[in-house]
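Here's the structure, in structure tokens; my notes come after.
The structure presented is a predicted model; accordingly, all values stated were derived computationally and were not measured.
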Amino acid sequence: MKIVISGGSGLIGNHLNYEFTRQGNEVINLDRSLYQPERSERLAQVLADCQVVINLAGATINHPWTPKYKQEIYNSRILTTRALVSAINSLDSKPKLLISASAVGAYPPDVNCDESFTEYGTDFLATVCRDWEAEARRVSPEVRLAITRFGVVLAAEGGALPEMIRPYKYMLGGKIGNGSQGFPWVHVEDLVGALVFIVENKELSGLINITSPERVTNDEFNRVLSHVLKRPALLSVPKWALFLALGERANMLTSGQMVYPGKLFQYDYAFRYQSLKLALRHLCSQMKVL
């Protein structure tokens, strides 16, 4: 197949590039300049004759949320998706599938849910996800659409896990607040595996949660991480301290959801890492921190 990826140079994109190329597919990574309105014709040309488009583009959220940067977070997702969808819709021969990334932050905090839960949260990230997903849904009905809500992606070479391990090196590990907030996670190999699974299973469409089926709280996550690292998790970071340090961005850490990957189970996706302990042991071993 010819597979086009937007945001293909990031953590997830690199893993996807490797897996699809290993399978013998042609993978094309889109240049950011192609999302500009004046380059719409060139974007359509690049998308022509491809079978799959995977939309991962978006500025990192792990950056101080100034008003200007919040606009960057928003525009890098909404405007990119809008450009992709417009280009796809302009083609006579359209891709068979558009996979458009989103995040479990779309859900309200403190809920226990699968894909049948239709409400959105009201904070900044939920609003971004809502508008991001709305742009993807503008794609032609001729194209199978999968909107994938990612949990916290655990990987050895980047993302959240190295940052979460760092305090444990100094015996400063522990939960955030009372630790009762949900922590929906997924091993990067399962994230990539699930995306490949969606490509291969033509009946899969609509909203799809990509999280581990093992649902844990922030406190439970830190207890397992403490056990794997053989370091104590004795501290509790007060919410007020996080808000003082991070401002609005602290919401990402102080609230969470219990999210279940109902559709992946419905279609019999076989998770490689259902157990958090197994996932962390594997990744910490790769990071050589055990």
Side-chain angles (χ1 to χ4, degrees), residues 9-16 18 56 58-66 69 73 103-105 109 125 150-193 210-259 271-290:
S9 62
L11 172 67
I12 299 167
N14 284 331
H15 279 268
L16 273 179
Y18 174 80
L56 304 172
T60 178
I61 58 176
N62 295 317
H63 185 282
W65 285 8
T66 62
Y69 194 73
I73 290 172
V104 295
L125 286 183
F150 299 167
V152 178
V153 181
L154 303 182
E157 66 272 39
L161 185 59
E163 297 299 320
M164 300 180 75
I165 286 175
R166 186 170 288 113
Y168 284 89
K169 294 180 180 179
Y170 306 102
M171 303 297 179
L172 298 174
K175 63 189 178 183
I176 294 173
N178 63 17
S180 64
Q181 64 273 33
F183 188 87
W185 63 276
V186 64
H187 191 296
V188 68
E189 289 183 18
D190 273 319
L191 176 64
V192 170
I210 303 186
T211 61
S212 167
E214 183 181 63
R215 289 173 280 190
V216 299
T217 63
N218 176 270
D219 182 36
E220 290 166 339
F221 180 90
N222 278 284
R223 287 178 185 275
V224 174
L225 183 57
S226 168
H227 176 77
V228 169
L229 294 173
K230 296 182 173 59
R231 299 289 180 95
L234 303 176
L235 301 182
S236 174
V237 182
K239 288 185 179 181
W240 64 264
L242 279 174
F243 278 98
L244 189 63
L246 302 177
E248 184 183 4
R249 188 157 57 108
N251 280 322
M252 295 190 301
L253 304 174
T254 60
S255 63
Q257 310 84 2
M258 293 289 197
V259 180
F271 282 87
R272 300 172 194 173
Y273 296 95
Q274 292 196 40
S275 160
L276 177 61
K277 184 181 292 185
L278 181 64
L280 289 177
R281 278 180 175 164
H282 173 252
L283 293 169
C284 290
S285 176
Q286 284 188 326
M287 297 169 70
K288 303 185 186 306
V289 294
L290 296 184

- Query: Does the Trp65 side chain pair with the main chain of Leu246, one donor and one acceptor, at a distance under 3.5 Å?
  - Reply: no

- Rounded to the nearest 0.5 Å, how far does CD of Gln181 lie from CE of Met252? 13.0 Å

- Closest heavy-atom contact between Gln286 and Ala156? OE1-CB, 3.4 Å

- Message: Looking at Arg215, I want to see if its CZ is surrounded by more than 12 non-hydrogen atoms of other residues, nucleotides or ligands under 6.0 Å.
- Response: yes

- Shortest non-hydrogen contact from Gly105 to Gln257? CA-NE2, 4.1 Å

- Query: How many angstroms lie between CD in Glu220 and CG in Asn218, if you round to the nearest 0.5 Å?
  - Reply: 9.5 Å

- Item | Over all atoms of both residues, closest heavy-atom pair of Tyr69 and Ala59 | OH-CB, 3.6 Å

- Note on the structure: What one should report as the nearest heavy-atom pair of Ala155 and Pro162 is O-CD, 3.8 Å

- Between Ala233 and Asn222, the two heavy atoms sitting closest are CB-O, 4.0 Å

- Supply the atom-to-atom distance Thr211 OG1 to Phe271 CZ, rounded to the nearest 0.5 angstrom. 6.0 Å

- Message: Could you tell me if the side chain of Tyr168 sits less than 4.5 Å from the side chain of Val228, heavy atoms only?
- Response: no

- Message: The test is side chain to side chain contact (heavy atoms under 4.5 Å, CB included); show your working for Val237 and Leu253 and say whether it passes.
- Response: CA-CA 10 Å; Val237 182; Leu253 304 174; over 6 Å; no

- Message: Against Val153, only a single residue in Val192, Ile210, Leu191 fulfils side-chain contact (heavy atoms from CB on, under 4.5 Å); can you say which?
- Response: Leu191

- Task: Indicate yes or no: at least one non-hydrogen side-chain atom of Val186 is less than 4.5 angstrom from one of Phe150.
- Result: no

- Query: Do Leu242 and Arg249 come within less than 4.5 Å of each other through their side chains, counting heavy atoms only?
  - Reply: no

- Query: Just by modelled atom types, is the Lys169 backbone N or O under 3.5 Å from a matching donor or acceptor in the Arg231 side chain?
  - Reply: yes

- Any Phe221 side-chain heavy atom under 4.5 Å of Leu154 side chain: yes

- Message: For the CG atom of Asn251 and the NZ atom of Lys239, what is their distance to the nearest 0.5 Å?
- Response: 9.5 Å

- Message: Would the distance check show the side chain of Glu157 and the main-chain N or O of Leu11 forming a donor-acceptor pair, the cut-off being under 3.5 Å?
- Response: no

- Message: Tell me whether the rings of Tyr273 and His187 are parallel (<30°), tilted (30 to 60°) or perpendicular (>60°).
- Response: parallel

- Message: Testing the basics here: between Glu163 and Pro167, what is the closest heavy-atom pair and its distance to 0.1 Å?
- Response: O-CD, 3.3 Å

- Hey, could you give me the CD1/SG distance between Ile165 and Cys284, rounded to the nearest 0.5 Å? 4.0 Å

- What's the spacing between Met287 CE and Leu161 CG if we round to 0.5 Å? 5.0 Å

- State whether a side-chain donor-acceptor pair under 3.5 Å links Asn178 with Ser180. yes

- Stepwise, does the side chain to side chain contact (heavy atoms under 4.5 Å, CB included) test hold for Thr254 with Trp240? CA-CA 10 Å; Thr254 60; Trp240 64 264; over 6 Å; no

